[in-house]
Amino acid sequence: MAKGLFITIEGMDGSGKTTQIEKIKEYFQQKGYEPVLTREPGGTKISEKIRNIILDESNTGMSPVTEMLLYASARAQLVFEVIKPALNQGKVVICDRFIDSSYAYQGYGRGIDLKFIENVNEPALDNVMPDITFFFDIEPKLALARRISATGADRIEKEKLEFHERVYKGYKDRAALFPHRIKIINANRSIEEISEEVRFWLNKVCP
Ligand code: ADP
Ligand code: TYD
């Protein structure tokens with residue numbers, strides 16, 4: 001049985017995950033822990049190679065099933081090599097995205113059967129599930145606008161927005177299904193207000 005604490009961070013691109021992960025890290029450091037920070041897809045040498053294949057923009061012909069299997073492969077390696085060993089040592093593990101991303105993006109976004117995603121990911125997860133998940137809830141339009149102002153891109157493509165609307169619905173549905181694990185955090189607030197609510201929940205799981 002895992003003894004550590006496994007925290008995952010979910011939300012649309014631009015919802016403030018990276019910003020809040022820094023704050024979560026500081027929370028645990030102040031308590032004397034050395035949290036293990038990792039991300040999906042990636043986090044191991046093999047998983048980062050898989051990430052490069054998935055996110056390579058020249059791989060235009062990738063099928064949704066191929067993509068879903070690659071995310072699951074990257075996850076299997078990360079669980080095997082980093083997350084499970086760290087939890088077994090009693091560590092706090094903070095992961096930027098995890099299984100809920102596959103349901104939201106591959107399931108709702110690309111239309112892959114949710115049961116198929118569940119079956120494929122079962123061996124990848126190897127009985128590891130987050131103790132707590134923060135879903136940073138922000139309208140896709142606002143999240144994209146933040147991303148665009150950060151990266152300098154100049155317009156929101158319609159297709160992209162429709163895709164993100166579906167992903168967003170996926171997250172909302174997952175959060176409704178697992179209210180004890182997934183905490184919905186209104187991310188359309190100041191960085192400090194959001195961080196305060198996150199700390200409130202962290203205090204409950206790690207006083
Ligand atoms: P993600 O990792 O989810 O893509 P980031 O943390 O990188 O999101 O944030 C995306 C952009 O929005 C960055 O420019 C960041 O500084 C900014 N940002 C983060 N949190 C907030 C917030 N609460 N209010 C306004 N802007 C924010
Ligand atoms: P990344 O650049 O890390 O995005 P972000 O900074 O927003 O986290 O790219 C990760 C992308 O991979 C992101 O668009 C979401 C997507 N993704 C999936 O589609 N399925 C998954 O299972 C995971 C883990 C990520």
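Worth knowing before you read on, the calculation uses all heavy atoms, side chains too, and leaves out hydrogens, waters and symmetry mates. These figures come from a predicted structure and were not determined experimentally.
- With 3.5 Å as the limit, one finds no donor-acceptor pair spanning the side chains of Ser15 and Arg146.
- Val36 places a side-chain heavy atom less than 4.5 Å from the side chain of Val82.
- Distance CD1/Ile99 to OG/Ser102: 5.0 Å, rounded to 0.5 Å.
- Heavy-atom contacts from other residues, nucleotides or ligands closer than 6.0 Å to CD of Glu196 number 12 or fewer.
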Using the side chain to side chain contact (heavy atoms under 4.5 Å, CB included) rule, take Ile7 and Thr133 through it: C-alpha gap first, then chi angles, then the decisive distance, then the call.
CA-CA 6 Å; Ile7 300 165; Thr133 298; over 6 Å; no
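- A chain of hydrophobic side-chain contacts below 4.5 Å, direct or via other Ile, Leu, Val, Met, Phe, Trp or Tyr residues, connects Met129 to Leu87.
- When only modelled atom types and interatomic distance are considered, Ser101 and Glu10 share a side-chain donor-acceptor pair under 3.5 Å.
- Between Asn186 and Glu197, the shortest heavy-atom distance links the atoms N-OE1, 4.5 Å.
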Test log, rule side chain to side chain contact (heavy atoms under 4.5 Å, CB included), inputs Cys95 and Arg39:
CA-CA 5 Å; Cys95 194; Arg39 69 159 179 187; 5.6 Å; no
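- In this structure, Lys17 places its NZ atom where more than 12 heavy-atom neighbours from other residues, nucleotides or ligands lie under 6.0 Å away.
- Looking at Glu48, its side chain does come within 3.5 Å of a backbone N or O of Gly43 through a donor-acceptor pair.
- Tyr103 carries Arg174 over the face of its six-membered ring, with the cationic atom under 6.0 Å from the centre and within 45° of the normal.
- No continuous path of ILVMFWY side-chain contacts below 4.5 Å connects Val167 to Leu55, so the two sit in separate hydrophobic clusters.
- No side-chain N or O of Gln29 forms a donor-acceptor pair with one of Glu34 less than 3.5 Å apart.
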Any chance you could lay out the salt bridge (charged side-chain N to carboxylate O under 4.0 Å, His left out) test for Glu192 and Lys23, step after step, and finish with the verdict?
CA-CA 9 Å; Glu192 250 335 292; Lys23 304 257 177 204; 3.1 Å; yes
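- A salt bridge does not link Arg189 to Asp137: none of the charged nitrogens lies less than 4.0 Å from a carboxylate oxygen.
- A tilted orientation is assigned to the rings of Tyr105 and Phe163, their planes being inclined by 30° to 60°.
- With Ser47 contributing its side chain and Ala74 its backbone, the two residues share a donor-acceptor pair below 3.5 Å.
- A salt bridge links Asp126 to Lys84: one of the charged nitrogens lies within less than 4.0 Å of a carboxylate oxygen.
- The two residues Pro130 and Arg181 come nearest to each other via the heavy atoms O-CD, 3.3 Å.
- Residues Leu202 and Ile24 come closest through the heavy atom pair CD1-CG2, 4.0 Å.
- Atom OG1 of Thr19 and atom CD1 of Ile194 lie 8.5 Å apart (nearest 0.5 Å).
- By the 30° and 60° cut-offs, the orientation of the rings of Phe135 relative to Tyr171 is parallel.
- The distance from the CE atom of Met68 to the CG atom of Asp113 is 9.0 Å, given to the nearest 0.5 Å.
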Before you tell me yes or no, could you show the steps for Val205 and Leu5 under side chain to side chain contact (heavy atoms under 4.5 Å, CB included), namely the whole-Å CA-CA distance, both residues' side-chain angles and the distance that decides it to 0.1 Å?
CA-CA 8 Å; Val205 289; Leu5 181 68; 4.2 Å; yes
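- By the neighbour-count criterion of 12 heavy atoms within 6.0 Å, atom NZ of Lys49 is sparsely surrounded, having that number or fewer from other residues, nucleotides or ligands.
- Summarising the geometry, atom CG belonging to Leu125 is positioned 9.5 Å from atom CD belonging to Glu118; distances are rounded to the nearest 0.5 Å.
- Nearest heavy atom pair, residue Asp131 against residue Gly4, reads OD2-O, 3.9 Å.
- When all heavy atoms of Met12 and Ala143 are compared, the closest pair comes out as CB-CB, 4.0 Å.
- Under a hydrophobic clustering in which Ile, Leu, Val, Met, Phe, Trp and Tyr are joined whenever their side-chain heavy atoms come within less than 4.5 Å, directly or via other members, Leu37 and Tyr33 fall into the same cluster.
- Looking at Arg199 and Ser195, their side chains do bring a donor and an acceptor atom within 3.5 Å of each other.
- Within the structure, the ring pair (Phe, Tyr, Trp, His ring centres under 6.0 Å) test picks out no pair touching residues 178-207 (sequence neighbours left out).
- In this structure, Ile138 belongs to a hydrophobic cluster whose other members, linked by side-chain heavy atoms under 4.5 Å apart, are Leu142.
- Distance check: Phe28 CZ to Cys206 SG gives 5.0 Å after rounding to the nearest 0.5 Å.
- In summary, the side chains of Arg97 and Tyr71 do not present any donor paired with an acceptor at a separation below 3.5 Å, with no hydrogens or angles considered.
- Between the side chain of Asn121 and the main chain of Ile117, a donor-acceptor pair closer than 3.5 Å is present.
- Atom CG of Asp100 and atom CD1 of Ile9 lie 11.0 Å apart (nearest 0.5 Å).
- Minimum interatomic distance between Glu165 and Pro140 (heavy atoms only, all atoms of both residues): OE1-CG, 3.7 Å.
- A distance-only check finds a donor-acceptor pair linking the side chain of Arg51 to the backbone of Pro41 [under 3.5 Å].
- Around atom CD of Glu122, no more than 12 heavy atoms belonging to other residues, nucleotides or ligands sit under 6.0 Å away.
- Residues satisfying the ring pair (Phe, Tyr, Trp, His ring centres under 6.0 Å) test with Tyr108, not counting sequence neighbours, are none.
- Leu78 and Ile94 sit in two unconnected hydrophobic clusters of ILVMFWY residues. Membership requires side-chain heavy atoms under 4.5 Å apart, directly or through other members.
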Full working for side chain to side chain contact (heavy atoms under 4.5 Å, CB included) between Val65 and Ile112:
CA-CA 7 Å; Val65 172; Ile112 293 192; 4.3 Å; yes
